[in-house]
Amino acid sequence: GSKWSYIGPDGEKAWPKKYPFCGGVFQSPIDFHRDILQYDSNLSPLEFIGYNVPSTDRFTLTNNGHSVKMYLSPTMHLRNLPFEYTASQLHLHWGNRNKSEGSEHTVSGKHFAAELHIVHYNSEKYPDVTAAMDKADGLAVLAILLEIGPFNPSYEKIFRHFQNVKYKDQMVQVPGFNIQELLPDRPDEYYRYEGSLTTPPCYPSVLWTVFRHPVKISQEQLLALETAMYCTESDDPEPLEMVDNFRNVQEFRERLVFISFRE
Ligand SMILES: NS(=O)(=O)c1c(F)c(F)c(S(=O)(=O)CCO)c(N[C@H]2CCc3ccccc32)c1F
Ligand SMILES: [Zn+2]
């Protein structure tokens, strides 16, 4: 299996030894700061097709030892990108109970509490996500920055199941709901750049859309995310908490991030 982690000898500094792309070009995540941002009037609002999944459908939520991920319905896709991209899965990145600064992307050097990623693949050119994931135009990931605020009933539709996916390879069925409820206000305002998977194999295959506005979840919801899961299996004698599962920001030289909004 994938022998990499976020801490210790298999941590991110060691990734390039087994996964050469992790030491390569166009790596994600990055920091968004004023002197690399450029307004682009061609960045139109994305269209979220089929995101309103009926509650009669079920999403599989699973702990894969690195994150908690939910498989999405192949009827969900994005429009207004260079190609049509079909939803594959969503997952999260977070910090720990003493330091709720677990987002992957940062803004002016500032971490947010956590980050939700919705992974899509180019279904116009590739039959599935596995075929797409190592192609330059293969993936499109939406990133939502999470910060502390009022209780969020939409995020609770996922978070309420965390007690059933505490350990690696556990899974649970989540009733369908409108995934568009997970997006922030003004989804027409976003950062756009070409980058990579933020986990091994770190393929430079991702068109990133990071929404400008964060979404609020409560302190209690965030604590549940930071304390519920383990990277290890339920019978492992040395349980490892699943915390701080974010990659550090990567060098971003000679490149620009395009923004759909005027600051
Ligand atoms: N931050 S991110 O969006 O770059 C990103 C992750 F952070 C992450 F954890 C995963 S994963 O599948 O849960 C575990 C590593 O493969 C994926 N999964 C991707 C990579 C490999 C793969 C294969 C099929 C479907 C999705 C993915 C991912 F795209
Ligand atoms: Zn991710």
Side-chain angles (χ1 to χ4, degrees), residues 1-19 21-22 29 53 55 57-74 87-104 111 113-119 128-130 133 141 146 152 154-177 179 182 197-203 217-248:
S2 49
K3 195 169 175 309
W4 58 272
S5 81
Y6 287 98
I7 190 168
D10 298 324
E12 62 187 272
K13 293 206 177 348
W15 292 357
K17 279 185 265 178
K18 286 201 186 90
Y19 305 95
F21 285 102
C22 297
V53 177
S55 56
D57 283 13
R58 294 271 177 279
F59 299 123
T60 300
L61 182 71
T62 181
N63 174 335
N64 67 2
H66 305 294
S67 181
V68 59
K69 73 178 176 183
M70 189 164 89
Y71 291 102
L72 297 170
S73 161
S88 171
Q89 51 112 298
L90 63 75
H91 62 268
L92 293 119
H93 302 268
W94 58 88
N96 66 75
R97 72 188 81 181
N98 301 315
K99 190 174 184 190
S100 297
E101 295 173 14
S103 70
E104 295 214 300
H111 274 273
E115 191 166 329
L116 174 77
H117 289 158
I118 309 178
V119 182
D128 55 41
V129 65
T130 309
M133 63 191 246
V141 181
L146 303 182
N152 188 315
S154 299
Y155 276 74
E156 193 61 15
K157 293 175 183 174
I158 299 171
F159 285 32
R160 71 163 57 108
H161 298 281
F162 284 162
Q163 290 311 315
N164 296 317
V165 286
K166 289 184 75 62
Y167 302 100
K168 186 174 185 294
D169 298 334
Q170 289 185 331
M171 31 179 72
V172 67
Q173 299 303 311
V174 176
F177 65 96
I179 298 294
L182 302 176
L197 296 176
T198 67
T199 60
C202 305
Y203 294 130
I217 61 172
S218 70
Q219 179 81 46
E220 292 74 16
Q221 287 178 300
L222 186 59
L223 186 65
L225 178 63
E226 292 163 344
T227 58
M229 265 84 57
Y230 289 85
C231 303
T232 42
E233 295 179 349
S234 56
D235 59 356
D236 195 314
E238 295 172 20
L240 261 177
E241 291 182 326
M242 189 182 284
V243 291
D244 301 321
N245 60 345
F246 61 93
R247 190 187 195 185
N248 286 299

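In this text, all values refer to a predicted model and were calculated from it rather than measured experimentally. Worth knowing before you read on, the calculation uses all heavy atoms, side chains too, and leaves out hydrogens, waters and symmetry mates. Note that the numbering runs from 1 along the sequence shown for the chain.
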Under 3.5 Å: donor-acceptor pair, side chain of Gln89, backbone of Val119: no

Approximate separation, where rounding is to 0.5 Å, of Ile217 CD1 and Leu223 CG: 10.5 Å

4.5 Å side-chain heavy-atom contact, Leu92 and Leu146: yes

Residues in side chain to side chain donor-acceptor pair (under 3.5 Å) contact with Glu101, at least two apart in sequence or another chain: none

Whether over 12 other heavy atoms sit under 6.0 Å from Arg97 CZ: no

Candidates His111, His117, His66 - the one meeting ring-ring contact (aromatic ring centres under 6.0 Å, His included) with Phe246: His111

Minimum heavy-atom distance Pro201-Tyr19, with the two atoms named: CA-CD2, 4.0 Å

Distance, nearest 0.5 Å, that separates NZ of Lys69 from OG of Ser88: 7.5 Å

Residue list, side chain to side chain contact (heavy atoms under 4.5 Å, CB included) with Ser218, at least two apart or on another chain: Phe151, Glu220, Gln221

Closest heavy-atom pair and its distance - Ser67, Asn245: CA-ND2, 3.9 Å

Non-hydrogen atoms of Glu115 and Glu104 that approach each other most closely: OE1-N, 2.7 Å

Crowding at OH, Tyr71 (>12 non-hydrogen neighbours, <6.0 Å): no

Flag if over 12 foreign heavy atoms under 6.0 Å of OH, Tyr6: yes

Where at least one partner belongs to residues 162-174, residue pairs that pass salt bridge (charged side-chain N to carboxylate O under 4.0 Å, His left out), sequence neighbours excluded: none

Distance in Å, Thr227 OG1 paired with Phe162 CZ, rounded so as to fall on 0.5 Å steps: 10.0 Å

Side-chain touch His161/Pro175, heavy atoms, less than 4.5 angstrom: yes

Atom pairs and distances, donor-acceptor, side-chain atoms in residues 228-235, under 3.5 Å, two or more places apart:
unit_1 : atom_1 : unit_2 : atom_2 : d
Thr232 : OG1    : Leu240 : N      : 3.1

Rounded distance (nearest 0.5 Å) linking atom NE2 of His93 with atom CG of Asp244: 13.0 Å

Approximate separation, where rounding is to 0.5 Å, of Lys17 NZ and Asp10 CG: 8.0 Å

Sidechain-backbone polar pair: Trp94 side chain, Met242 backbone, donor-acceptor under 3.5 Å: yes

Those residues that, when tested against Pro16, pass side chain to side chain contact (heavy atoms under 4.5 Å, CB included) (two or more places apart): Cys22

Test log, rule side chain to side chain donor-acceptor pair (under 3.5 Å), inputs Gln170 and Thr62: CA-CA 6 Å; Gln170 289 185 331; Thr62 181; over 6 Å; no

Non-neighbouring partners of Met70 that pass side chain to side chain contact (heavy atoms under 4.5 Å, CB included), sequence neighbours left out: Phe59, Leu61, Leu72, Leu90, Ile158, Val174, Phe177, Ile179

Non-hydrogen atoms of Leu222 and Ala114 that approach each other most closely: CD1-CB, 4.3 Å

Shortest non-hydrogen contact from Tyr155 toward Leu116: OH-CD2, 3.5 Å

Nearest atoms (heavy-atom pairs only) where Asn98 meets Asn96: N-OD1, 2.8 Å

